[in-house]
Structure formats: structure tokens, C-alpha cells
Amino acid sequence: MSFLDKSEREEMRFCYAEDEIIISNYKYNLILGGVVAYGLLVNAVLCSVINDPTEIMSPFAFLIMYMVSCITGIFMAAKSDNPYISFAGYNLVVVPIGLLISGTVNAYSSINPEIVSAAFSITFVITLAMIILGSMYPEFFFSISGILSITLVGILIASIVCMIMGISDFVITVIGAALFSLYIGKDYARAQAYTKTVDNAIDSALDIYLDIINLFIRLLRILAEFSGSNGKRRR
């Protein structure tokens, strides 16, 4: 879900405008965590009030809206050093993603509500663990940055091949969940290395938010697969 070269976005955050104010580590992480939590809360609200975005617009119209909004939002956050503009861009990403996952979450809830709650709990635990590890061992996460990028490209290609050939991509989903777990630690470690400004906190929150959403979606799929397999064995 990244439409800009990530290395370019990261490099920009080590610089800041002369009129930007450097804030304390406490305020920086408070803003970062608050913005991530805000995005997840917006998604939770959207999932609770909208069962399927295609009920309010055609699938094609939704796809266009999703792509335009996300691309615009990411460009706004990456290119601007104004925190208000970056936060507006953040919302342009959060809202369409919330609409997108609302259909997925409600579909799994109708089958087994425990799948969603379990995926949420596991995502929370993994996120907390990766943040702690990212704080303790930042150099490790910096060292695997290139491997993560290559693996991500490989997963995207493999997923497309599986979709075209009509074969299961469950193993790829599991690898993807592990990948985005590591991305949470890596992006948090990188966030701590950036210049401590409000704009950088918001931009970093966008990266971590996308990591969490990607992890959550894959955990839903994994848990659903195991739940289905267990059900077959019981029968």
C-alpha cells in the first residue's frame, strides 16, 4: 500500500524546514501513537456502520475512489512538511481503507465473530512486541530493511501469479503476516531516528498504520483457514 519509493520518503524525514519546531521524544511518540490509534478507531467505526462499501457505490466507483484517495493521501503526507496537510493526507488513506476492510471484517464476523476478535488481539500483541523490539534493537531492524523490501516485492509478484493461475496463496499470506510484523518494528525504529517534529510523527504513524492493517487482514485469512480446517475435522 505504498505508492512512493519508501527510501525517498524516509530520507526526507531526516530533514526539516527552518520554521518547524523540534519536540520532545515524549510528545513525538504521544502524537505518533495517538495518530495510529485514531486511524484504527476510524476503521472500527466504519466497520460497525457499513457492512459493505459496494452497497453505497458500484465496485468500479469504489475502486477508483480508493486508488485516487490513497495515492493522493500518501503524496500529501510524504511531500508536505505541514502537519495539518499531512494529517489530512492521513485521513484520505484511513477512510477508504476502513471502507475496504469493512466488507472483509463483516464477512468474517458473519461466519465466526471469534475470528475477528482473535485477529484483533493477536495484532495488538504483535504490534506491542514489535514496538518494544524496535526500541531495543533498532540496528537489527535497520539491517534487514533491504531484505524486507525484496521480500515484499516477491510476495506481491507471487500473489499476482497465484491469482492468475487460480491456486491457493495461503503460504504467501502467512509469509506476509510475518513480513508486516517485522515492518512494524522496522518502521517504529526508523521513526525514532527521524527528526522529532509533529509532521514526522504523523508521517511515521501512516507507515505503522499501514503495517498494522496489512498484518490484521492477513491474520483474518489465516485464522479463517484454521477455523475452517478444524470444522472439517470435527465433521
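Count residues from 1 along the sequence.
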Residue pairs passing the side chain to side chain donor-acceptor pair (under 3.5 Å) test with at least one member in residues 168-181, sequence neighbours excluded, are D169-R221, T173-R221

Heavy atoms, side chains only, cut-off 4.5 Å: are [X] and [Y] in contact?
| X | Y | result |
| --- | --- | --- |
| L210 | Y183 | no |
| I31 | I23 | yes |
| P53 | L100 | no |
| I22 | T197 | yes |
| I50 | L99 | yes |
| V42 | Y90 | no |
| M67 | L63 | yes |

Let me confirm one number: the [atom1]-[atom2] distance from [X] to [Y], rounded to the nearest 0.5 Å.
| X | Y | atom1 | atom2 | answer |
| --- | --- | --- | --- | --- |
| T127 | I122 | OG1 | CD1 | 11.5 Å |
| S48 | L46 | OG | CG | 7.5 Å |
| D199 | I21 | CG | CD1 | 12.5 Å |
| I126 | I184 | CD1 | CD1 | 7.5 Å |
| S121 | E114 | OG | CD | 11.0 Å |
| T123 | L215 | OG1 | CG | 4.5 Å |

Does [X] share a hydrophobic cluster with [Y], counting links as ILVMFWY side-chain heavy atoms below 4.5 Å and allowing steps through other members?
| X | Y | value |
| --- | --- | --- |
| L128 | L133 | yes |
| I157 | V174 | no |
| V68 | L92 | no |
| V171 | L179 | yes |
| I71 | I74 | yes |

Taking all heavy atoms of [X] and all of [Y], pick out the closest pair and write down the distance.
| X | Y | value |
| --- | --- | --- |
| A191 | L32 | CB-CD1, 3.8 Å |
| F180 | D211 | CB-O, 3.9 Å |
| V105 | V116 | O-CG2, 3.7 Å |
| A119 | L220 | CB-CD2, 3.7 Å |
| I101 | I217 | CG2-CD1, 3.6 Å |
| I97 | C70 | CG1-SG, 4.2 Å |

Atom [atom1] of residue position [X] - does it have more than 12 heavy atoms of other residues, nucleotides or ligands inside 6.0 Å?
| X | atom1 | value |
| --- | --- | --- |
| Y84 | OH | no |
| F170 | CZ | yes |
| F62 | CZ | yes |

> Given Y188 and F141, is the side-chain contact (heavy atoms from CB on, under 4.5 Å) satisfied, shown in steps?
Replying inline: CA-CA 9 Å; Y188 183 79; F141 287 97; over 6 Å; no

Show your reasoning for whether side-chain contact (heavy atoms from CB on, under 4.5 Å) applies to I172 and C162. CA-CA 9 Å; I172 299 173; C162 288; 3.5 Å; yes

- Query: How far apart are the C-alpha atoms of I202 and L206, what are their side-chain angles, what is the distance that settles it, and do they pass the side-chain contact (heavy atoms from CB on, under 4.5 Å) test?
  - Reply: CA-CA 6 Å; I202 295 172; L206 175 57; over 6 Å; no

### Task
Hey, can you tell me if Y38 and F87 have their rings parallel, tilted or perpendicular (30° and 60° cut-offs)?
tilted

* Go through the steps to decide whether D207 and R190 satisfy the test side-chain contact (heavy atoms from CB on, under 4.5 Å), and finish with yes or no. => CA-CA 10 Å; D207 287 338; R190 293 289 291 184; over 6 Å; no

Is there a donor in the side chain of S80 and an acceptor in the side chain of N82, or the other way round, less than 3.5 Å apart?
no

Tell me yes or no: between the side chains of Q192 and N25, is some donor less than 3.5 Å from an acceptor?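 No, no side-chain donor-acceptor contact under 3.5 Å.
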
Requested in this report: Please confirm whether the backbone N or O of A107 pairs with a side-chain atom of S110, one donor and one acceptor, at under 3.5 Å?
Outcome: yes

Check your understanding: Okay, side chain of S145, backbone of F142: is any donor-acceptor separation there less than 3.5 Å?
Key -> no

Of D203, N200, V35, V198, which is the lone residue that meets side chain to side chain contact (heavy atoms under 4.5 Å, CB included) with P83?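 Between P83 and the candidates, side chain to side chain contact (heavy atoms under 4.5 Å, CB included) is satisfied uniquely by V198.
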
Sorted by chain and residue number, the side chain to side chain donor-acceptor pair (under 3.5 Å) partners of S149 (sequence neighbours excluded) come out as none

